[in-house]
Amino acid sequence: MVKEMQFLKNTTVVVTIEDMGAEGEGIGKVEGFPLFIKDAIIGDTVEAKVIKNKKHYAYAKLEKVLSPSPFRVQPVCSFHRQCGGCQLQAMSYERQLLFKQDKVRNHLLRIGGFSEAEIDSVLEPIAGMEEPFHYRNKAQYPVGTDKEGNPVAGFYAGRTHTIIANTDCALGREENKEILETILAYMREFHVPSYDEKSGEGLVRHVLIRTGFDSGEIMVCLVLNYRKKTAAGMSGKNAASFHEPEVSGKASSEAAVSSYLPHQEELLKRLSRIENMTSVSISINTEKTNVIMGKEIHTLWGKECISDSIRVRDMTKADMAFTGEKLEFSISPLSFYQVNPYQTEKLYSLALQYAGLTGQETVWDLYCGIGTISLFLASRAKKVYGVEVIPQAITDARENARRNHITNVEFFVGKAEEVLPSFYDSFDISDADSTMRHPDVIVVDPPRKGCDSACLATMLKMAPDRIVYVSCDSATLARDLRILCDGGYELRKVRAVDQFGGTVHVETVCLLSKLHSDQHIEVELQMDELGLTAAESKATYEEIKDYVLEHTGLKVSSLYIAQVKEKCGIIERVSYNLPKSENSRQPKCSPEKEAAIREALEHFRMI
């Protein structure tokens, strides 16, 4: 039983770190009382200052490493503690892989309810990276202004919107530094204002950089707070500089229509000189929101999209050798495309291996994005059906199928939890399409919240021979696996893939096989009985409120917490603050508060 203690705020303690939390914080105990210490590494003995005391645990700030862990290394980035994006950069990469393997295993045990024997019999070694730096093919840099009034770009400090000026992120491509410094020099020279979140004024909000690792092609997209009155609001030379640009080379036809930036042609000339620059565009976002990209994209120079290829690997070989097959994809500023292409090859090749295709199978690929997994599967299947809620992604998926001369794949726009049941329940479906209702394989690659309950229920009704689950959140994965296994499936293989070196995030691929009729009984899926009951008991509403207030300064109600917990699949049994009449309107949680509550739920390992 966890002890109850009270540490005075700012009390200094010496503690040895014995474990790591799911978010990478070190966990140590003083007289049996747990302390969570950010930036501490398992094996460290540290001096820490208590900053928040709770009934059964406390938070402390790392002050000094007294005796470093054998797993502690010198971080590549000097900003890693302030930035917070690389929670594990001070830990050796070999130990990072063990942390991630343990994270997946513990979620399957604690949330999924699987036995140690079950997990140990199916858990394969994690697929690590050859080089855990400079692996991101996409980076989004917020742009702001420093105290001297100069434009800066970098990343937000942890749990803030304060920009840490850093153009040389250790996870991004090395050419990103040249691109950012070119843009910042242009902004200084021509007095182009950075966006100010508080006032809503200023022009340049973010810089998006995407790179095709195989093609080498580079895309730059500037996110602008552009209104027609922007030019009118500029004074002097800047106002006069909003004119039709004259740019030599691969100038887009759009560029001859409008200028969105002062001296736009000068910026385009400078960016076009950078080796492998292929596309320069702008995204218009005038909303006061945390959403980075706007819906309106204009290409100013070069192509509208860049291309990249993903190669197929033989995941049964120790060296995961390339098979010689590869697929080419078109990537727009808004496309979803995995940010680590080399590890994506392993991730998708593993999904392909687990699917066990012979050329005769019908496959559903749910949450298919731009069709990356669908097209991998189509090379070995008879027919593949892909489903994705974002219309532009489906447009891209169809174009990618055409680009790769693949004709045995069909894509549908809609939510997986709506499209799949509609096909299964349809009465006018032809005999020729009967395999759509009873496919051989279903592949799912859902967002962090996992699969929707209606989607899971329909998958069980369709009863495919195999289900391949690709997950970016091992907690919701464990929840969904338990539901599928209780519905007549057996967990056969689990393998983690490290897509994000230096961070706590990990992808996982799982294979489930349908049990024979004499090995299981039919069960009725009741989602309200299969929620994350262990997660629900992890933290009280008051503890969640305290965490949100401490880390974000926001006050949230029990109603808002309940709404977010329901969205995350933690089913609520009690509705808080019910309206007094049918005509009453319940307040809805704002996106900012929802993000803060989600962060708290993740901290308490509830999602």
Side-chain angles (χ1 to χ4, degrees), residues 2 7 11-54 57-107 110 125-136 155 157-159 164 166 169-171 474-475 496-507 547 551 599 602-605:
V2 177
F7 284 108
T11 299
T12 299
V13 296
V14 174
V15 58
T16 298
I17 306 303
E18 302 171 351
D19 200 357
M20 301 284 289
E23 296 307 308
E25 67 274 34
I27 303 174
K29 293 181 179 179
V30 176
E31 297 180 19
F33 187 78
L35 287 94
F36 293 82
I37 306 172
K38 180 180 175 292
D39 301 316
I41 298 297
I42 189 167
D44 280 343
T45 298
V46 303
E47 182 180 290
K49 182 183 290 185
V50 176
I51 56 176
K52 183 77 172 181
N53 190 49
K54 307 297 291 183
Y57 58 91
Y59 299 103
K61 178 183 178 183
L62 176 64
E63 295 289 311
K64 187 188 300 182
V65 177
L66 301 176
S67 176
S69 164
F71 308 116
R72 179 172 283 278
V73 297
Q74 182 62 37
V76 171
C77 176
S78 58
F79 299 105
H80 84 282
R81 285 187 65 178
Q82 302 100 299
C83 173
C86 297
Q87 306 91 340
L88 304 179
Q89 199 178 106
M91 180 188 286
S92 70
Y93 186 62
E94 292 75 14
R95 190 60 182 79
Q96 288 182 37
L97 294 179
L98 180 57
F99 165 84
K100 295 182 182 189
Q101 182 90 336
D102 287 344
K103 180 177 179 177
V104 173
R105 186 176 187 274
N106 290 336
H107 280 154
R110 181 171 53 83
I126 186 170
M129 301 167 59
E130 285 76 26
E131 174 52 61
F133 294 103
H134 301 297
Y135 58 78
R136 290 187 64 94
F155 296 97
R159 301 188 180 94
I164 298 172
N166 178 19
C169 173
L171 303 189
S474 54
V497 179
D498 184 23
Q499 293 275 97
F500 311 103
T503 80
V504 298
H505 304 295
V506 62
E507 300 264 336
Y547 181 94
H551 290 87
E599 181 180 316
E602 290 175 4
H603 171 78
F604 290 113
R605 307 187 197 184

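In this text the structure is predicted, and so the values were computed from the model without any measurement.
In this structure, L171 and F133 have side chains that are in contact, with non-hydrogen atoms separated by less than 4.5 Å. Contact annotation: the side chain of V15 never approaches that of F33 to less than 4.5 Å [non-hydrogen atoms, C-beta and beyond].
Q89 places a side-chain N or O within donor-acceptor distance of the main-chain N or O of C77, the cut-off being under 3.5 Å. Side-chain atoms of Y93 come within 3.5 Å of backbone N or O of M129 as a donor-acceptor pair. For E94 (side chain) and S92 (main-chain N/O), no donor-acceptor pair under 3.5 Å exists by modelled atom type. Judged purely by atom type and a 3.5 angstrom limit, D44 uses its side chain to pair as donor or acceptor with the backbone of S69. Between the side chain of K38 and the main chain of Q87, no donor-acceptor pair closer than 3.5 Å is present. Under the 3.5 Å distance criterion, the side-chain polar atoms of E507 are left unmatched by any main-chain donor or acceptor of Q499. The backbone N or O of L88 sits less than 3.5 Å from a side-chain atom of Q96, completing a donor-acceptor pair. In this structure, K100 contributes its side chain and I126 its backbone to no donor-acceptor pair below 3.5 Å.
We find the NZ-CG distance between K61 and D39 to be 10.0 Å, quoted to the nearest 0.5 Å. In this structure, R95 CZ and I42 CD1 are separated by 4.5 Å, a value rounded to the nearest 0.5 Å. Going from atom OG1 of T503 over to atom CG of D498 covers 7.0 Å, rounded to the nearest 0.5 Å. The CZ atom of F79 sits 5.0 Å away from atom CG of N166, with the distance rounded to the nearest 0.5 Å.
The two residues G501 and Y135 make their nearest non-hydrogen contact at O-OH, 2.7 Å. Here the closest heavy-atom approach between residue R72 and residue I41 is recorded as NH2-CG1, 3.4 Å. Listed here is the closest heavy atom pair of A60 and L35: CB-CD2, 3.9 Å. Nearest heavy-atom pair, V50 versus A58, reported as atom, atom and distance to 0.1 Å: CG1-CB, 4.4 Å. A pairwise comparison of heavy atoms in H80 and P75 identifies CE1-CG, 3.2 Å as the closest pair. Shortest non-hydrogen contact noted between A496 and V506 is CB-CG2, 3.9 Å.
The aromatic rings of Y59 and F36 are tilted relative to each other, their planes meeting at an angle between 30° and 60°.
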Check against side chain to side chain contact (heavy atoms under 4.5 Å, CB included), M20 and D102: CA-CA 10 Å; M20 301 284 289; D102 287 344; over 6 Å; no

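More than 12 heavy atoms of other shown residues, nucleotides or ligands fall within 6.0 angstrom of atom NZ in K52.
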